[in-house]
Protein chains: 2
Amino acid sequence: MKELAQQLKEKNLKVTPQRLAIFQMLSNTVEHPSAETIYKALETTHPTMSLATVYKTLDALKKASLIQELNVGEDCFRYDARTHSHPHLICVSCCKVVDMDSIYLNDIRERVEKNSDFDILDEKIYFYGVCPNCKESKEH
Amino acid sequence: MKELAQQLKEKNLKVTPQRLAIFQMLSNTVEHPSAETIYKALETTHPTMSLATVYKTLDALKKASLIQELNVGEDCFRYDARTHSHPHLICVSCCKVVDMDSIYLNDIRERVEKNSDFDILDEKIYFYGVCPNCKESKEH
DNA sequence: TATTATATAAAAATTATTATCAGTAAGGTG
DNA sequence: CACCTTACTGATAATAATTTTTATATAATA
């Protein structure tokens with residue numbers, strides 16, 4: 001909370017209840033909700049907030065590097081309050097999106113740079129598969 | 001060519017000039033065009049073909065695993081006639097999308113499976129950076 | 001040939017996202 | 001605290017990629 005307010009101020013962004021609510025909601029979930037999902041989740045506590053505000057807030061937070069946008073291949077974006085690049089795992093059965101500690105893939109960027117001659121700035125890594133839960137329920 | 005006709009038949013898909021044209025166009029380019037780009041590229045040779053047909057054909061080819069859909073983070077999809085999963089490099093300066101031989105990353109999927117308990121079926125890996133060309137032109 | 005299934009083109013519909021704009025609130029300054 | 005500037009909000013309209021629909025055409029099959 002206080003951190004967010006601080007960081008917003010540093011970027012000349014105003015601290016508003018809507019921004020706090022959206023950032024807090026994103027920080028407290030392990031899901032990776034879309035704009036629509038966030039909007040609906042805040043409907044009860046912030047009934048007057050419009051969908052446009054959700055979009056604009058997400059855009060502002062994204063530009064301020066306070067959240068990141070995920071492009072899982074669906075028809076809409078998802079958002080993640082963890083801003084350092086880390087791979088995501090998507091369950092093709094239940095559509096859940098979970099974080100993966102990137103420590104396991106630390107050496108990849110280096111390898112790619114060596115082999116491609118690109119200067120790599122960022123990466124987006126998605127793995128698609130069946131999560132432990134869905135594996136189990138399929139077996140029964 | 002003949003191969004495609006064969007493969008379409010095997011999947012109970014009809015062989016049509018439009019499908020052949022789109023697949024051929026995709027096979028002969030190292031770019032990774034979008035539906036719109038494909039549509040425009042075929043405008044002269046296939047003036048009657050509609051954009052809806054392009055979309056449906058791409059969808060059919062995708063479902064038949066004859067092409068793959070790329071989600072680079074733009075507002076539309078790109079397509080690739082190489083169907084085995086391989087990482088893509090996107091130049092943030094000139095927006096070029098290039099293929100990367102996946103040999104270099106062969107061991108990753110295994111590592112991820114071990115650490116996540118998912119059964120991994122597929123992966124989408126994108127690296128964003130500056131390509132050799134753009135690096136050079138920036139220096140001068 | 002008659003029948004059936006699938007493909008196409010054109011247009012309309014859908015849907016995520018963005019733009020517009022009038023009204024409002026935040027945060028600074030005196 | 002009152003004022004002022006600027007950024008933000010909310011409602012709605014606009015945009016654009018994609019999907020669906022509908023009518024027609026084509027091919028496969030009996």
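Each chain gets a letter, A, B and so on, in the order its sequence line appears, and its residues count up from 1.
In this structure, the separation between NZ on B/K135 and CG on A/D119 is 4.0 Å, given to the nearest 0.5 Å.
Taking for each of A/T57 and A/L51 the nucleotide of DNA chain D with the nearest heavy atom, the 5'-most of the two is the partner of A/T57. A residue-by-residue look at B/K14 and B/D59 shows that B/D59 has its nearest nucleotide of DNA chain D further toward the 5' end.
Look at NZ on A/K63: it is 14 Å from P on D/dA7, rounded to the nearest Å. Residue A/F77 contributes atom CZ, which lies 13 Å from atom P of D/dA17 at whole-angstrom precision. Nucleotide C/dA7 holds its P atom 11 Å from the CG atom of B/L61, rounded to whole Å. As rounded to whole Å, 15 Å separates atom P of C/dT17 from atom CD of B/E74. Rounded to an integer number of Å, the gap from A/E69 CD to C/dA16 C1' is 12 Å. As a whole-Å value, the separation of B/I22 CD1 from C/dA9 C1' is 13 Å. Per the geometry, OH belonging to B/Y39 stands 10 Å off C1' belonging to C/dA10, to the nearest Å. One interatomic measurement links the two molecules: CG of A/L58 to C1' of D/dC8, which rounds to 15 Å at whole-angstrom precision.
B/T16 comes within contact range of the sugar-phosphate backbone alone, with a heavy-atom separation under 4.0 Å but no base atom that close. Contacts of B/S34 with the nucleic acid, taken as non-hydrogen atoms under 4.0 Å apart, are absent. Within the 4.0 angstrom heavy-atom criterion, only backbone atoms of the sugar-phosphate kind lie near A/Q18; the bases stay farther away.
At the phosphate of C/dA9, OP1 or OP2 sits under 4.0 Å from a side-chain N or O atom of B/T48. Between C/dT17 and A/Y55, a contact under 4.0 Å exists linking OP1 or OP2 to a side-chain N or O. Distances shown here put every side-chain N or O of B/S50 at or beyond 4.0 Å from the OP1 or OP2 atom of C/dA10.
Donor-acceptor pairing under 3.5 Å, judged by distance alone, is present between the side chain of A/K56 and the base of D/dG10.
A salt bridge does not link A/K114 to A/D107: none of the charged nitrogens lies less than 4.0 Å from a carboxylate oxygen. The pair A/K56-A/D59 does not meet the salt-bridge criterion, since no charged nitrogen lies less than 4.0 angstrom from a carboxylate oxygen. With respect to the salt-bridge test (charged N to carboxylate O, under 4.0 angstrom), the residues A/R109 and A/E113 do not qualify.
Proximity of a side-chain donor or acceptor of A/H84 to a complementary backbone N or O of A/R82 within less than 3.5 Å is not detected.
Out of C/dA9, D/dG10, C/dG27, the shortest distance to the side chain of B/T53 is found at C/dA9. The side chain of B/A52 has C/dA10 as its nearest neighbour among C/dA7, C/dA10, C/dG27.
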